[in-house]
Amino acid sequence: MDSTIDYSQVILHTDKLTKRFGGLIAVNEVTLNVKRGSITLLIGPNGCGKTTFVNTITGYYKPDGGRVFFDGGDITGLPLNKTYEKGLVRTFQIPFPFLKLSVLENLLVAARNNPGEKFTRHLIKSSWIKVEEQLTEKAFNIMKMLGIEEDWDKEPESLDAGALKLIEIGRALISDAKMIALDEPIAGVNPKLAHNIFSHIVNLRKELDITFLIIEHRLDIALRYVDFVYAMYRGKIISQGTPEEIARDKEVREVYVGGE
Ligand SMILES: Nc1ncnc2c1ncn2[C@@H]1O[C@H](COP(=O)(O)OP(=O)(O)OP(=O)(O)O)[C@@H](O)[C@H]1O
Ligand SMILES: [Mg+2]
C-alpha cells in the first residue's frame, strides 16, 4: 500500500493485480485506485487487458497474483456472486437483456437475482406483495432516471442500442451497487446517444452516490465526463491523470495513433 493515499476515500484498490492466460500476461501487475464517488475511466487499445481486468476484480477470473480491496475489505479471489453481494457490479461489453421480457421485467429479474434479497423471508403473501410493489416502484424510479420509463413495457429487441445500454445500467442500479464497472457503455452507439448515456451516468453519480469505473475507447466523448483516467497498454498501466493530462500525454497518444 502507498502511504500517501487516503484509503478511506478509495472504494477500489488493486495492488499488482495479475492475470495470465497460458503464456500471455493479460493483466500485468496493475495497481490502481478508484476514488469513492468518482467516475474513473480505464482506456487502452483493443486487447490490452481492460475487460480481463474487470473480470478479475469482480471474481469472474481468479487472479494469478496481487490483491483486490473493495470498500475497505480484501476481496481477492472472491467469486462473482460474492463481489456482487458486496456491491461491486459489472455490465457487459455486449449487453444481453432478456429479449422476450419487457424493460421493467428485465430490471425486476436483475433485482430478484440479487443474492442480497432474501426472498424466503417473504413467504407470507402480503409481505411478498409489498416487496414486489416496492421493487416495481424502485424499477420505475431507475427507469425515470435513465429516461427509459416510457419504454417500460417494450421488449428490448424493439429498442435501439443506446436504450439497451441504459437497460444494462438499470439492471446494475437495481442491485444497490456501490460501484458499477461499465464495459464500453457507448460501443456501437451514435455520438448523440453516447453523450446522452454519459450525461445519465453523471446524473446518477450525483443522485445516488455511486462510483463508476468505465472502460471506453472513444476518448473524444468519454474524457469530458470523467474525473480521473488510467491508460492501459499490453496489460500494464502506462499513464494516469486528469482527463486534461491524459489528452496531452505523449505515450497515450502514441498508443492510440500508432495502434498496437
Ligand atoms: N478467456 C481468455 N482466454 C485466453 N485469452 C484471453 C481470454 N480473454 C482475453 N484473452 C486475451 O487477453 C488479452 C486481453 O483481452 P481483453 O479482452 O481483456 O482486452 P480488452 O482491452 O478488453 O480489449 P477490447 O478493447 O477489444 O475489448 C487479449 O490478448 C485477449 O486475446
Ligand atoms: Mg474488452
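Note that ligands are numbered from 1 as they come in the structure, with each ligand's atoms numbered from 1 the same way.
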* **Donor-acceptor pair, side chain of Thr14 and main chain of Leu32, under 3.5 angstrom** => yes

* Asked: For ligand 1, does Tyr60 get within less than 4.0 Å through its side chain, its backbone, both, or neither, judged by non-hydrogen atoms?
  -> neither

* To do: For Glu184, counting its heavy atoms only, list the atoms of ligand 1 lying under 4.0 Å from any of them.
  => 25 (O), 27 (O)

* Asked: Which of the numbered atoms in ligand 1 are below 4.0 angstrom from a heavy atom of His217?
  -> 25 (O)

Tell me which donor-acceptor pairs under 3.5 Å the side chains of residues 141-156 have, and how far apart each pair is, sequence neighbours excluded?
unit_1	atom_1	unit_2	atom_2	d
Asp151	OD1	Lys154	NZ	2.8

* Same apolar cluster: Phe212 and Val68, side chain cutoff 4.5 Å -> no

* To do: Measure the distances from the heavy atoms of Tyr61 to every atom of ligand 1 and state whether one is below 4.0 angstrom.
  => yes

* Asked: Any nitrogen or oxygen of Cys48, main chain or side chain, under 3.5 Å from a nitrogen or oxygen of ligand 1?
  -> yes

* Which is closest to atom 22 (O) of ligand 1 by heavy-atom distance: Thr51, Ile215, Asp183? -> Thr51

* Does the Thr211 side chain pair with the main chain of Met179, one donor and one acceptor, at a distance under 3.5 Å? -> no

* Asked: Would Thr52 count as a contact for the Mg ion (ligand 2), in the sense that one of its N, O or S atoms lies under 2.8 Å from it?
  -> no

* Asked: When the ring planes of Phe198 and Tyr225 are compared, do they come out parallel, tilted or perpendicular, using 30° and 60° as the limits?
  -> parallel

* What are the atoms of ligand 1, with element, lying closer than 4.0 Å to any heavy atom of Thr52? -> 9 (C), 14 (C), 15 (O), 16 (P), 18 (O)

* **Set of side chain to side chain donor-acceptor pair (under 3.5 Å) partners for Asp227, sequence neighbours left out** => Arg205

* Once you round to the nearest 0.5 Å, how far does CG of Leu107 lie from CD of Glu168? -> 10.5 Å

* May I ask you to list the atoms of ligand 1 that are less than 4.0 angstrom from any heavy atom of Leu24? => 11 (C), 12 (O), 13 (C), 29 (O)

* To do: Pick, from Gly235, Gly44, Gly47, the option with the minimum heavy-atom distance to atom 14 (C) of ligand 1.
  => Gly47

